[in-house]
Amino acid sequence: MSNIILFRKNLGGVSRFVFWAGCSILLIFLSLKYVQAQAKHKEKTYSISLVKTAEIQKDLRQVGDTKVLTQVYTVKTGDHVSKIFRKKGLAKHHSLRKLLSLFKQLNPSLSNIDLIHPGEKIIIPLKVVPFTGDSGRTGPSQPEKIAVSELKDMDLESYTVKPGDSLSKVIVARYDITRREMYGEYLELVKQFNPAIKDLNLIYPGQKIRLPIYCPEVIRRPIAAAISPKRKQNQDPLSRDLSFIFLEIGEEWIQTGRHFIPLKSGGQIDLGAMSFPIINLKSGQRVIVDLHSKLPDEMAKIIESNWTNYHVVRLGEKDNLRSSLDKILRSCNYPKVFKKGEFLQLGGDIPLKITGDWIVTLPKTSSYKGVSFVVIDLIESYRHHTPRIIKDYLKKSGIRIIDYPPADDNRLNANADANIMDSASDPSSLIESLLNLTGQTYSTNVEIPAFRGQKTDFKLIVKADFFLKIKGSDAVIDLTGLDPVIISLLNEHQILVLSMAREKEPLAMVARTLDFLGVQYYSGPKTFMAVAGDGSRNITFDLSGVIFSDTHGNDIFVTPLRLPHEIAIFLSQKGYKIFVLPNGNRSAKK
């Protein structure tokens, strides 16, 4: 019996031992399961030394839905953001766009990530860890984007299509926009702003497209703040003058809204167009005009280093229209710009010599619509303006004249009539016209005695084409061809003879006739100036001809040239009566 009791006592101890051992094993098993469960939800972390030095400071920061291992970095000379990323090896593992987005959020005090200076301390990401924790995270958060459709009231920018461009390629290159947003809503806006473009897939070089400004910095702000206020601003007088001239040249002057210039590092420069107008040249060059020297040198260098077709021209307080134009034209990369004192010489039937304050040689492209040269003159007096009829004539030759300030010169217009006399059709009618203009009394086909014998039944009769009196003496103008012996007999009888039977040049015939009549005249190329004054800013052209005055004091211009309509009107308005010689033309009357 006692043995049985002892056995029971021992059995109870074993039971208790087994019970507690089982509980311990169960607790250990549950603990391991708990740890494993927690490990599944626990993110990967980094061991960070708590020791900080003056040069290296590392920290784990929560940014949006990621945790970022960061470092405080001191900017060195020559550093820029993308270079720092490459130096740290970040570009191998992450997209540049994502890194730049993190960098902006880690450095909210930087208004422009492309403007970092030596000695400046910035926070750079070293490693990026996905985070799936709760919503109670701290630190910068990803701003919410605004719907594309809400951009309809925002500013636009004009883009000139280049060879090889497609619309989607242009949009993606300029704006941080997803394909879904672009094809879903943005292209619909482009259609609305460009009703002349029937098919957005068919664009051609030189075409101008209005694009709604779309960029993360604008979209992620509240829409009320993002939309530019519609404030009326007075245009700067210098800007107004410059815009007129460049629009006359045929370039695009943009001074409304804002310019967003994307940078290769992913940032952008935002310029107010009123202070920083941009000249969009048809050659593809772009000139930013800093009207009041407000653009920092560093920013100008960033723009020009990112885009080889951009140039920044800084204007100072002492710059006037002349000095400003001089600076800007030098930056436009035109093939050649003639300065004041240099001249443009053009040959042809009517040789031209053109001088001006500037003569711009334009690129030989169809976008300039046949204009090869632009002459710019800053005019001090109304009388120095180039007559409109001369501008019209030069325009046909590919030369555009810009006088500033402009003047509405209605004195010489293309609808005026040229004072052109009836043209001589042959040598006889030419001589007859000259005799009439000089007020000579004459007879035609007259028989005159050249020699008389002692007997009345012997005499020599000569038929004169023109018989007249010159200063009381009998005179004959011969076109038929009198024998030299007969001419000698006539001279012996004090009869003056002008023989032109062998003269073939009408202009020489005119000069010899006037000389025979004793009428003063000018013969040779005559230089005419479009504007009265010196030759430093003028258009001169040389015309072959003879000039004399008729009996009423009118200047007669005799020429064998094929005078253009505009030149004939110009000469008429200068007071000349135009006499067109045989073999000339009557185009001036057309």
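- A 4.5 Å side-chain heavy-atom check between Asp290 and Phe276 finds at least one atom pair inside the cut-off.
- Gln573 contributes no side-chain N or O that, together with a main-chain N or O of Phe570, makes up a donor-acceptor pair within less than 3.5 Å.
- Open room surrounds CG on Asp349; 12 or fewer heavy atoms of other groups in view lie less than 6.0 Å from it.
- Between Pro205 and Pro163, the shortest heavy-atom distance links the atoms CG-CA, 3.8 Å.
- What you find for Leu238 and Ser324 is that their closest heavy atoms are CD2-OG, 3.6 Å.
- Other residues, nucleotides and ligands contribute at most 12 non-hydrogen atoms within 6.0 Å of the CD atom of Gln520.
- Figure legend: Lys526 and Phe557 shown without cation-pi pairing, the cationic atom not lying both under 6.0 angstrom from the six-membered ring centre and within 45 degrees of its axis.
- Proximity of the aromatic rings of Phe579 and Phe548 is defined here by a centroid distance below 6.0 angstrom, and this criterion is not met.
- Here the side chains of Val190 and Leu211 are in contact, with some heavy-atom distance below 4.5 Å.
- Taking all atoms of both residues into account, the shortest heavy-atom contact from Ser331 to Val313 is OG-CG2, 3.3 Å.
- Heavy atoms only, all atoms of each residue included: Lys463 and Leu482 are closest at O-CD2, 4.3 Å.
- Figure legend: cation-pi geometry between Lys336 and Phe338, with NZ or CZ positioned under 6.0 Å from the six-membered ring centre and within 45° of its axis.
- A salt bridge links Arg537 with Glu380; the closest basic N to acidic carboxylate O contact falls under 4.0 Å.
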